[in-house]
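Some notes on the structure that comes next.
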Amino acid sequence: MADPKHDVLEMLEELATLTTLDEGDVQSFKVRAYETAARGIEAHVGDIAHLTAAQLQKIDGIGKSTATKIRELLDTGRVPKLVELREKFPASVVELMKIQGVGPKAVLKLRAELGVQSIDDLRKAIAEQKVRTLKGFSAKTEEKLGQTLARMGENIGRAPISVALPLAERILGTLRDLPGVTFAAYCGSLRRFSETIGDIDICVVAADAAPVMDAVVALSMVDRVLVKGATKTSVVTRRGIQIDVRVVRADQVGAAMLYFTGSKAHNIKLRQRAIARGWTLNEYALAEAEGGKVIASETEEAIYQALGLPFIPPVLREDSGEIELAEKGALPSPIGPVLGDFHVHTTVSGDGRSPLEDMVEGARARGYRVLAITDHAEGTLSGVGRDALLEQRARIAALQAELTDLTLLHGAELNIGSDGQLDYDPEFRALFDFCLASVHDHFDLSREQQTKRIVTAMRDPSVKMIGHLSARMIGGRPGIDLDVDAILAAAEETGCALEVNGGLPRLDVSVDVMRRARDRKVKFVLTSDAHHQTELERVRYAALNAERAMIGPDRIINTWSKERLLQWARHKSP
Ligand code: DGT
Ligand code: CA
Ligand code: CA
Ligand code: ZN
């Protein structure tokens, strides 16, 4: 097993989902138990593979029956309870729970009374107006469901990047461990860092392709095999995600990665450049059209260079002007080192999972110069009262006394109320070094109200940054309705920055909003919104997203000098 901890977490998550269905209740005691156990495992430092069931039970949140299941998974790879639940609830039924507003009770009812076994079945049932005949449903709820399905539209069947990326990394871990494998990487939309992923494409270089193909079909998450060929295998996971793995030759891996990274539109433009030079470009090589002499194939850089272009980062390969910019040598500069994080939680927030000391240690390990501790303020469900915050301030001051290079800022993530009101009072807020403010509720207000509440928060002197502007969850909740231009104008006018949240379910602000801000003097901050020490690394996802939107380092506050950074944190001005 490549990463036992990851496998255990995945099992607990699957057990929680399936048990939700089995019990018909999201709040069921058993579901909670799996979720608590997952948090315990996640927070556990050190190897879990060698722990006995009794030792596992000593980890916070793990009871006897969960400990037994973990051992079953680690020892035999087969957990009878999981097998039983999977038989009861096939993947297509579980998928119904992804629809917003459809809970376990509704899934069970739709299945028992209308025989709905998949999203397609549900579409049909809605079209035939059968759903409204069920007890607890009405014509109105049926219509709403139809609208939700329509809105999910082409994203249905696509996996959010928060699911696809960890899955892909896990598969790569397994493949890289195989003897004879010298290279394994994902390409496709995942490498371009798209928000949703149709399927996961992986390229592998190996001495012998057969063991790689065998390993792919033997992956623990595989539900069914679509194709198993000599060099290409496609499988579908139990969560319905397709994975295409191709074994390619070492001297052709550049051409393969370029081709399978896409996008298709980017590839077509490149191929046109090749043709104009009397060459061909495919997944094997850039070569002369006549005679087939290879010009470049081993690296992407060599192929771009032969085509008269600098290397184009994968996140830009959408044919949205990147080739033209590359040709002129005008691609935006890469985003330089990040000097610090401005959105970080600790165990003082109800939902934080690492103590202050660990978060500070994590920041130090990353070489940060600045770290703002921003636990949830009292207006949020998991928020903190004044006394606890003052106590935290004293702890931060004590830690600061031991630090030389790293400056700690004490802050809070304020909640933006429905009218733009903020937590505490202006005097108390003025005592913070740095506050961000974010929307955590009232998602259904009108565009006008949503815009107004955020602009009101931006104008408050204590608010230096708006956190996760739209409050969306990719693959889950849609963002709030906003007049983006009005928000951008207010950001320009007030100097209030917009957060580029690197949490994968959020990635908020979106690339789309950043693109619309390109011609304005809006400032951005890359953050991790870490609730655990290990999540500090998510700041790199924020950087990738800023890169996708072609936002240069001059607009990203936490790549500036430390002096300038602190000045902004205190006064909202550069
Ligand atoms: P997805 O999977 O829908 O999120 O998006 P992609 O971009 O990963 O698309 P996919 O998996 O169908 O194909 C992977 C890459 O392979 C794609 O980005 C470009 C390349 N590719 C696939 N089919 C074609 C094709 O017909 N022509 C060209 N030029 N490239 C193709
Ligand atoms: Ca793909
Ligand atoms: Ca594919
Ligand atoms: Zn937060």
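Counting convention: from 1, in listed order, for ligands and their atoms alike. Both backbone and side-chain heavy atoms feed into the values below; hydrogens, waters and symmetry mates do not.
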field: Sub-4.0 Å heavy-atom environment of ligand 1, residues by chain
entry: R158, G188, S189, R192, I197, G198, D199, D201, Y259, F260, T261, G262, S263, K264, N267, R271
- prompt: From the Ca ion (ligand 3), how many protein N/O/S atoms are found at a distance short of 3.0 Å?
  reply: 4
Within this structure, what is the [atom1]-[atom2] distance for the pair [X] and [Y], rounded to the nearest 0.5 Å?
X    : Y    : atom1 : atom2 : result
F432 : T374 : CZ    : OG1   : 10.0 Å
M221 : I243 : CE    : CD1   : 6.0 Å
H376 : H345 : NE2   : NE2   : 4.0 Å
R366 : L406 : CZ    : CG    : 12.5 Å

- request: Test the R548-F193 pair against the cation-pi criterion, namely NZ or CZ under 6.0 angstrom from the six-membered ring centroid and within 45° of the ring axis.
  value: no
field: Minimum-distance N/O/S atom that D529 presents toward the Zn ion (ligand 4)
entry: OD1
- prompt: Per the side-chain contact (heavy atoms from CB on, under 4.5 Å) rule, which among I396, L409, L408, T407 passes with L371?
  reply: L408
- prompt: Considering the options V247, V253, D251, which one meets the side-chain contact (heavy atoms from CB on, under 4.5 Å) requirement together with R249?
  reply: D251
- prompt: Does anything in residues 209-242 pair up under ring-ring contact (aromatic ring centres under 6.0 Å, His included), and if so which pairs, sequence neighbours excluded?
  reply: none
- prompt: How about H343: does one of its N, O or S atoms come closer than 2.8 Å to the Zn ion (ligand 4)?
  reply: yes
- request: Taking salt bridge (Lys or Arg N to Asp or Glu O under 4.0 Å) as the test, write out the residues that go with E288, two or more places apart.
  value: none
- request: Could you tell me the angle subtended at the Zn ion (ligand 4) by OE1 of E413 and NE2 of H345, rounded to 10°?
  value: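 The two atoms form an angle at the metal of about 90°.
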